[in-house]
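Below you'll find the structure, written out as structure tokens, and then a few comments.
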Amino acid sequence: MARREKMRQIADRGIDPFGCRYDDRTMMEECQEMASEVRWVKEDGTTVELPDFSDAQLDYRQWKSDQSPGAETGPTVRVAGRIMLSRGQGKLIFLTLKDWTGEIQIFVGKKQVGDEDFELAKLFDLGDLVGAEGRLGRTNTGELTVFAEKLTFHTKMLEPPPDKHAGLTNQDLRQRMRYADLAFNDGVLETFLDRTKIVKSVRTTLDQDGFCEVEGPTLHTVAGGAAARPFATHHNALDMPLTMRIALELHLKRLMVGGMERVYELGRVYRNEGISPKHNPEFTMLECYQAYGDYNSMMDLTEQIIVNAIEAIGGGFVREYDGNQVDFTPPFKRATYAELFQQATGIDPKDDAAVIQLAKNLNLETENRHLDVVRNEIFEEKVEDSLTGPIFVIDYPASICPLTKRKRDNPEIAERFELFVLGMELANAYTELNDPDLQQELFETQLQGLDEEESMAKMDHDFIRALRYAMPPAGGLGVGIDRLVMLLTGKKSIRDIILFPLQRPES
RNA sequence: GAGGGUGUAGCUCAGUCGGUAGAGCAACGGACUUUUAAUCCGUUGGUCCUGGGUUCGAGUCCCAGCACCCUCACCA
């Protein structure tokens, strides 16, 4: 109850323990940038640059006595943030204050702030939100510091903070109490701010390329556009079953029929499937469609999106992920599905007998299954994991791509690419199928060996009708935003880049 | 869904062969006007995940359950 008792004592001093408006803050980052404005002024009025504080040998106290007589000067700042560390020293307290741009040390001396504010400072606890106004300067050890002249109390933290060194490491608690994770664990806030920068950059890239952003329905009567199990729900007034969307595709294509020639949606989709370090039931997808384009134009766009996202968060094109180095310098490699298949297995993918034999050797099911499904399982098993990338795998077997246009000179091959990085599928794009009759046929003929949930082909009569109103030839692209954020922020678990991943409720 | 691991103070973690529950940080009291995870002295703090069982005696051994983590499967 110590914190509540201090809160009462703060209130007794006539101060609202939950604070109020506080204008004209200098953010911590700005304070750090203002370090060069801290100078030494000699008695004769001449100004001297301070020494190099990055020099570990530097003794600032000695330096100052060498410069004497004179005094340090610096700009006056007004900062507010959370108390991360506190070092009491009798009539002197050092606070480490953090806002969302960085940290700075506050020097609170009894003589400097006066008795009243010093008594207030004694009621501060780790985790409290406080403000300080004073001159920016350097302590004897050279640390950039706000020498407080006035203190402000903003908000009392009523819970004890996590371990000030180790932070909150329990994964369960980190997700359950993301607020504490963000506030007390180094780098967590920065990672999520990077996520925001990446998403913003994706939007900017598309906006500047003339795409318009739309919001499609998340409640679908037919969960199409991908192969996944949907969440089922129900509308009471209409007494109608509904599913949460598993993809954005089919509504965006309807909009292209309507004349939105460059359209995208960046939004949440929901899949009722397993949870893993790479899967969350709700995740963020980008899908964009460009009329009169094809999958080649989508490859260029994909590169542009990724290149711009990397530049938005910095750190260069060569990135470290899980001990691997990935070079995102464009252009990315391109290879056909067939040649990668051949390279990895030594078998010509067109040699049906050899493919079946290989599948049997790998203990894959071959009975009653379309050969392209078998081929693709071999591809997933033997090729995908070995793709360091970034690499565009192009030209997929047509029968596993029911929404994709076939190559004009070869109906067995679909104009599709997937972008792989370290075995992860980062993007998936087609030259879009816009022939309503063929689309209907592909929806009707379920692939052998695949039940409805495993197939992308789900009959959607309204979508077929839309295509009959003429959808322009187009390229379409889907990007798994969470995967992109994971790769660019170096996080190995999707739970580290989704603010509130799904969890069971606390008992 | 299958296998493995973890669960002890607010947080991070020890806990030997089954024998009265431990440390660091935080909190509380004290000293200290240039500290850096400040330091020093003292104090407080426990449903050992839950429920059964074995035993004179269980944090420790056994069984069941719950939660989280990892791997695999499904998938992006």
Side-chain angles (χ1 to χ4, degrees), chain A residues 1-6 59-61 64 72 83-96 103-113 118 125-127 137-145 147 157-177 180-181 184-186 225-229 246-247 269-287 377 380-381 384 418-421 423-428 451 453-454 456 478-487 492-495 501 503-507:
Chain A
M1 275 308 174
R3 284 173 182 261
R4 285 188 184 275
E5 175 53 30
K6 286 181 189 167
D59 182 346
Y60 185 49
R61 196 192 307 236
K64 284 192 288 188
E72 197 189 76
I83 300 175
M84 303 308 289
L85 293 168
S86 171
R87 296 174 287 280
Q89 188 91 36
K91 297 186 181 67
L92 177 62
I93 302 167
F94 289 96
L95 301 173
T96 301
E103 292 186 342
I104 199 156
Q105 174 169 270
I106 313 295
F107 178 108
V108 181
K110 186 172 185 183
K111 198 182 284 178
Q112 291 82 350
V113 296
F118 197 75
D125 284 306
L126 290 182
R138 297 277 184 174
T139 59
N140 282 343
T141 52
E143 174 99 8
L144 189 69
T145 299
F147 289 87
M157 182 167 92
L158 294 172
E159 292 282 339
D163 186 289
K164 70 184 178 187
H165 186 51
L168 193 66
T169 63
N170 182 305
Q171 273 297 327
D172 183 28
L173 292 182
R174 285 188 54 205
Q175 292 160 44
R176 243 176 245 297
M177 303 198 292
D181 185 36
F184 293 101
N185 284 347
D186 286 343
R229 204 150 117 218
I246 58 170
V269 296
Y270 307 85
R271 298 190 183 174
N272 203 342
E273 283 166 356
I275 295 174
S276 86
K278 291 193 172 67
H279 301 86
N280 193 60
E282 53 178 314
F283 62 101
T284 303
M285 282 249 300
L286 163 73
E287 287 196 29
E377 286 195 2
E380 283 173 4
E381 185 145 325
E384 287 188 2
E418 294 197 324
L419 174 64
F420 282 93
V421 179
M424 276 200 274
E425 184 198 325
L426 204 57
N428 181 16
D451 59 30
E453 273 163 5
E454 286 178 65
M456 273 188 234
V479 178
I481 294 294
D482 306 272
R483 295 280 170 85
L484 178 64
V485 173
M486 284 170 70
L487 279 165
K492 276 170 266 176
S493 172
I494 199 167
R495 290 183 282 265
Q503 276 184 304
R504 285 179 205 274
E506 221 163 338
S507 59

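Below, read A as the first sequence line, B as the second, and so on, with proteins coming before strands; counting in each chain starts at 1.
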Rounded distance (Å) that lies between atom [atom2] of [N] and atom [atom1] of [X]:
| X | N | atom1 | atom2 | value |
| --- | --- | --- | --- | --- |
| A:Leu92 | B:U33 | CG | P | 8 Å |
| A:Asp59 | B:U34 | CG | P | 14 Å |
| A:Leu168 | B:A26 | CG | P | 17 Å |
| A:Lys164 | B:G10 | NZ | C1' | 15 Å |
| A:Phe184 | B:G10 | CZ | P | 17 Å |
| A:Glu159 | B:G10 | CD | P | 11 Å |
| A:Tyr60 | B:U35 | OH | C1' | 16 Å |
| A:Leu126 | B:C11 | CG | P | 16 Å |

Counting only N and O atoms by type, is there a donor-acceptor contact under 3.5 Å from the side chain of [X] to the main-chain atoms of [Y]?
| X | Y | result |
| --- | --- | --- |
| A:Arg3 | A:Met157 | yes |
| A:Asn185 | A:Leu168 | yes |
| A:Arg174 | A:Asp181 | no |
| A:Asn428 | A:Glu418 | no |

When you check the phosphate oxygens OP1 and OP2 of [N], does a side-chain N or O of [X] lie under 4.0 Å from one of them?
| X | N | result |
| --- | --- | --- |
| A:Gln175 | B:C69 | yes |
| A:Arg504 | B:C66 | no |
| A:Lys64 | B:U34 | no |

- Query: Is the aromatic ring of A:Phe94 within stacking range of B:A38, meaning centres under 5.5 angstrom and planes under 30 degrees?
  - Reply: no

- On a plain distance test, is the side chain of A:Asn170 in donor-acceptor contact with the base of B:G7 below 3.5 Å? no

- Quick one: the side chain of A:Glu143 and the base of B:U34, do they pair up donor-acceptor inside 3.5 Å? no

- What's the shortest heavy-atom distance between A:Glu287 and A:Gly478, and which atoms? CG-CA, 4.1 Å

- Nearest heavy atoms of A:Ala228 and A:Ile246, plus distance in Å: O-CD1, 3.8 Å

- Message: Once you apply a heavy-atom cut-off of 4.0 Å, does A:Phe107 come out as touching a base, just sugar-phosphate, or nothing?
- Response: base

- Task: Would you mind classifying the nucleic acid contact of A:Asp172 as base, sugar-phosphate or nothing, using non-hydrogen atoms under 4.0 angstrom?
- Result: sugar-phosphate

Tell me which nucleotide, if any, is Watson-Crick or G-U wobble paired with [N] when both distances must be under 3.5 Å.
| N | value |
| --- | --- |
| B:C17 | none |
| B:U6 | B:A67 |
| B:C11 | B:G24 |
| B:U39 | B:A31 |
| B:A58 | none |
| B:C72 | B:G1 |

Taking the [atom1] atom in each of [N] and [M], what is the distance between them to the nearest angstrom?
| N | M | atom1 | answer |
| --- | --- | --- | --- |
| B:G57 | B:C74 | C1' | 49 Å |
| B:A14 | B:G4 | C1' | 23 Å |
| B:C68 | B:C61 | C1' | 24 Å |
| B:U60 | B:A21 | C1' | 12 Å |

- Any side-chain donor paired with an acceptor under 3.5 Å for A:Gln105 and A:Arg87? yes

Between protein and nucleic acid, restricted to nucleotides 2-4 of chain B and to nitrogen or oxygen atoms under 3.5 Å apart, what atom pairs and distances do you find?
none

Straight-line distance of [X] [atom1] to [Y] [atom2], nearest 0.5 Å:
| X | Y | atom1 | atom2 | value |
| --- | --- | --- | --- | --- |
| A:Ile494 | A:Ser276 | CD1 | OG | 7.5 Å |
| A:Lys278 | A:Arg495 | NZ | CZ | 11.0 Å |
| A:Lys492 | A:Met486 | NZ | CE | 10.0 Å |

- Item | Position toward the 5' end of RNA chain B (nearest nucleotide), A:Gly90 or A:Pro162 | A:Pro162

- Let me know, please, whether A:Lys110 or A:Thr169 comes out on the 5' side of the other along RNA chain B by nearest nucleotide. A:Thr169

- Can you label the angle between the A:Phe107 ring and the A:Phe94 ring as parallel, tilted or perpendicular, going by 30° and 60°? perpendicular

Restricting to nitrogen or oxygen on both sides, can you table the protein-nucleotides 42-48 of chain B pairs closer than 3.5 Å?
none

